[in-house]
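Just below is one structure, and these are the notes that go with it.
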Amino acid sequence: MDKKTKKVSYLIGLLIFGGWFITSLIEAANEKINYSTYTVWEFRFFIIGCAAIYYLVIYYFSRKAGEAVESTSSGNQLKRPS
């Protein structure tokens, strides 16, 4: 994964999960809909969990792509799993 793709992936994650979190703050402050505190925090922890998984996957793929580039630049060919 090159640097531009990695930055775009981080930006997309920030927009999605940041938007979700801001939505949870706005909806919790809405007086017409009475959410329980448990429901609001459950949703926020869900957002944090999804964001953590998303960023771990991005990190994993960028690390794997970096290892693949290093191995091809050193003269070794990539071995495909069978």
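- Phe61 meets the ring pair (Phe, Tyr, Trp, His ring centres under 6.0 Å) test with no other residue; sequence neighbours excluded.
- The two residues Tyr55 and Leu14 have their closest heavy-atom pair at OH-N, 3.0 Å.
- Remark: Tyr59 pairs with no residue by the ring pair (Phe, Tyr, Trp, His ring centres under 6.0 Å) rule, at least two apart or across chains.
- With sequence neighbours excluded, the residues satisfying side-chain hydrogen bond (donor to acceptor under 3.5 Å, both in side chains) with Thr39 are Ser36.
- Membership of the apolar cluster around Ile22 extends to Ile26, as traced through chained side-chain contacts below 4.5 Å between ILVMFWY residues.
- In the hydrophobic clustering (ILVMFWY side chains linked at under 4.5 Å, chained through shared members), Trp41 is joined by Phe45, Ile48.
- In this structure Tyr38 satisfies the ring pair (Phe, Tyr, Trp, His ring centres under 6.0 Å) test with no other residue, sequence neighbours excluded.
- Under a hydrophobic-cluster definition in which Ile, Leu, Val, Met, Phe, Trp and Tyr are linked whenever side-chain heavy atoms come within less than 4.5 Å, directly or via other members, Tyr60 and Val57 are assigned to the same cluster.
- Residues satisfying the side chain to side chain contact (heavy atoms under 4.5 Å, CB included) test with Asn30, not counting sequence neighbours, are Glu27, Lys32, Ile33.
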Using a 3.5 Å cut-off and no angle test, enumerate the donor-acceptor pairs between side-chain atoms of residues 1-11 and protein atoms at least two apart in sequence or in another chain.
| from | atom 1 | to | atom 2 | distance (Å) |
| --- | --- | --- | --- | --- |
| Asp2 | OD1 | Thr5 | N | 3.2 |
| Asp2 | OD1 | Thr5 | OG1 | 2.4 |
| Ser9 | OG | Thr5 | O | 2.9 |

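- In terms of the side chain to side chain contact (heavy atoms under 4.5 Å, CB included) criterion, residue partners of Val40 (sequence neighbours excluded) are, by chain and number, Ala28, Tyr35, Arg44.
- Partners of Thr37 by side-chain hydrogen bond (donor to acceptor under 3.5 Å, both in side chains), not counting sequence neighbours: none found.
- For the pair Ser24 and Phe43, the tightest heavy-atom approach, listed with the atom from each and the gap, is CB-CD2, 3.6 Å.
- Among residues at least two apart or in separate chains, there is no side-chain hydrogen bond (donor to acceptor under 3.5 Å, both in side chains) pair with a member in residues 13-22.
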